[in-house]
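What you see below is based on every heavy atom in this structure, not just the backbone, and it leaves out hydrogens, waters and symmetry mates. Because the structure is a prediction, the values reported are computed rather than measured. Every chain is numbered from 1 and lettered A, B, ... according to where its sequence line falls, protein lines coming before strand lines.
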There are 2 protein chains.
Amino acid sequence: MSLQNTLKALADPIRREILSMLKNGKMSAGDISGHFDVTFASISRHLSVLKEADLIRDTREGKFIFYELNTSVLEEIMLWLTDLKGDVNNDKEE
Amino acid sequence: MSLQNTLKALADPIRREILSMLKNGKMSAGDISGHFDVTFASISRHLSVLKEADLIRDTREGKFIFYELNTSVLEEIMLWLTDLKGDVNNDKEE
DNA sequence: TTAACATTTAACCTAAATGTTAAATGAAGT
DNA sequence: ACTTCATTTAACATTTAGGTTAAATGTTAA
């Protein structure tokens, strides 16, 4: 939702790793969890943080819940960063 | 230094606000602090987090310590985000 | 060197984040 | 309906982050 949520979600290495894994396509919660050294439940919470930040979407397929990247919210961060960097090629400055 | 440090530093609204303020030029710690409703000491710690993340630089001038933006580390985040978004204009994919 | 000012550091407290285990949900197959 | 499998949620412990006040540091000027 907000930049705040998005940045907070990205400020955790496990969550970033999850996002990177999802670049290659959707994965089930179980598959995702298998890549980490923490419990299933812990990953599940990370997934819900990412979901609240709208960085991933989930779809149930039978017994499995698949997660996939949603990169649209990243635009907001990009814009904020660009603004911060002072990129002024949208209008003349001075 | 690391993406981790940078993102963690950006994941706090006060710290982001400080960075935005510094877009207009350098400011002393006191001036920065004056814009917020928390104590001086609290802002000082935020400044040190930003400094460790290399997002700001400080220079002492007499009694004052001035802070200024250092946006170069933002590149790293931009790259990471771009990669995550799957921007593939560097090579043809499929 | 003492005083005054700007800022940081230390010690401490509270709240939030992360991890664990165990119980709960939800779908599928028998 | 019962069992099994995939996943989430709850309850709790531990760690980390952010805030406060008070003491420490560093600079300037008397």
Side-chain angles (χ1 to χ4, degrees), chain A residues 1-22 25-70 73 77, chain B residues 1-22 25-70 73 77:
Chain A
M1 325 246 172
S2 60
L3 186 68
Q4 175 60 27
N5 275 343
T6 314
L7 284 170
K8 196 147 33 173
L10 293 179
D12 180 278
I14 288 187
R15 291 196 287 265
R16 285 199 306 280
E17 181 69 22
I18 290 174
L19 294 177
S20 288
M21 286 166 58
L22 292 177
K26 62 184 182 181
M27 295 176 73
S28 72
D31 278 353
I32 294 170
S33 180
H35 284 73
F36 296 97
D37 216 24
V38 292
T39 57
F40 218 101
S42 182
I43 295 297
S44 183
R45 267 194 331 102
H46 280 302
L47 287 170
S48 80
V49 171
L50 288 170
K51 208 174 107 181
E52 270 179 40
D54 207 27
L55 282 161
I56 57 176
R57 297 264 167 72
D58 62 341
T59 50
R60 173 146 231 154
E61 287 182 28
K63 272 201 283 200
F64 301 87
I65 297 178
F66 283 92
Y67 285 94
E68 65 187 327
L69 259 187
N70 172 33
V73 281
I77 304 181
Chain B
M1 323 248 172
S2 60
L3 187 66
Q4 175 60 27
N5 276 343
T6 314
L7 284 170
K8 194 144 38 169
L10 292 180
D12 179 278
I14 288 188
R15 290 196 287 264
R16 286 199 304 280
E17 180 69 22
I18 290 174
L19 294 177
S20 288
M21 285 166 58
L22 292 177
K26 62 185 182 180
M27 294 174 74
S28 72
D31 278 353
I32 294 169
S33 181
H35 284 73
F36 297 96
D37 216 23
V38 294
T39 57
F40 218 102
S42 182
I43 295 298
S44 182
R45 269 196 327 103
H46 281 304
L47 288 170
S48 81
V49 170
L50 289 169
K51 208 175 108 179
E52 271 178 40
D54 207 27
L55 282 161
I56 56 177
R57 297 263 168 72
D58 63 341
T59 50
R60 174 145 231 152
E61 288 182 28
K63 273 201 285 199
F64 301 88
I65 297 179
F66 283 91
Y67 285 93
E68 64 187 326
L69 259 186
N70 173 32
V73 281
I77 304 181

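Contact between B/Ile77 and B/Leu10 at its shortest, heavy atoms only, is CD1-CD1, 3.5 Å. The heavy-atom pair separating B/Pro13 from A/Gln4 by the smallest distance is CD-OE1, 3.4 Å. Residues A/Ala53 and A/Asn5 come closest through the heavy atom pair CB-O, 3.9 Å.
Of all nucleotides present, only D/dA13 satisfies the Watson-Crick or G-U wobble test against C/dT18, with each distance under 3.5 Å. When both distances must be under 3.5 Å, the Watson-Crick or G-U wobble mate of D/dA30 is C/dT1.
Considering only the side chain of A/Ile65, D/dT7 comes nearest among C/dT7, D/dT7, C/dG19. When distances are taken from the side chain of B/Arg45 to each of C/dG19, C/dT8, D/dG18, the shortest belongs to D/dG18. Distances from the side chain of A/Phe64 to the nucleotides D/dT7, C/dG19, D/dA22 place D/dT7 closest.
Between D/dT8 and A/Tyr67, a contact under 4.0 Å exists linking OP1 or OP2 to a side-chain N or O. Distances shown here put every side-chain N or O of A/Thr39 at or beyond 4.0 Å from the OP1 or OP2 atom of C/dG19. Distances shown here put a side-chain N or O of A/Arg15 below 4.0 Å from the OP1 or OP2 atom of C/dT18. A sub-4.0 Å separation between OP1 or OP2 of C/dA16 and a side-chain N or O of A/Lys8 is absent. OP1 or OP2 of C/dG19 lies within a sub-4.0 Å distance of a side-chain N or O belonging to A/His46. Proximity of B/Ser42 to the phosphate of D/dG18: no side-chain N or O atom is located under 4.0 Å from OP1 or OP2. Taking side-chain N and O atoms only, A/Ser33 has no distance below 4.0 Å to OP1 or OP2 of D/dT7.
Along DNA chain C, the nucleotide nearest A/Val49 and the nucleotide nearest A/Gly62 are compared for position; the residue whose nucleotide lies closer to the 5' end is A/Val49. When each of A/Lys63 and A/Ala41 is assigned the nucleotide of DNA chain D bearing its nearest heavy atom, the one mapping closer to the 5' terminus is A/Lys63.
Here the side chains of B/Glu17 and B/Phe36 are in contact, with some heavy-atom distance below 4.5 Å. Side-chain atoms of B/Leu55 and B/Glu52, non-hydrogen and from C-beta on, never get closer than 4.5 Å to each other.
Going from atom CD1 of A/Ile18 over to atom C1' of C/dT18 covers 13 Å, rounded to whole Å. Between B/Leu47 atom CG and D/dA17 atom C1' there is a gap of 16 Å when expressed in whole angstrom units. One can place NZ of B/Lys51 at 13 Å from C1' of C/dT9, the figure rounded to the nearest angstrom. D/dT20 atom P lies 13 Å from atom CZ of B/Phe36, rounded to whole Å. Put simply, CD on A/Glu61 is 16 Å from C1' on D/dC5, counting in whole angstrom units. The nearest whole Å value for the distance from the CG atom in B/Asp58 to the C1' atom in C/dA6 is 13 Å. Distance, B/Leu10 CG to D/dA17 C1': 16 Å, rounded to whole Å. Distance A/Asp12 CG to D/dA17 P: 11 Å, rounded to the nearest Å.
Applying the 3.5 Å distance criterion, the base of D/dG26 shares no donor-acceptor pair with the side chain of B/Arg60.
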Yes or no on side-chain contact (heavy atoms from CB on, under 4.5 Å) for A/Ser42 and A/His46, after CA distance, side-chain angles and deciding distance?
CA-CA 6 Å; A/Ser42 182; A/His46 280 302; 4.1 Å; yes

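Backbone-only engagement by B/Ser28 is indicated by non-hydrogen atom pairs under 4.0 Å involving sugar-phosphate atoms exclusively.
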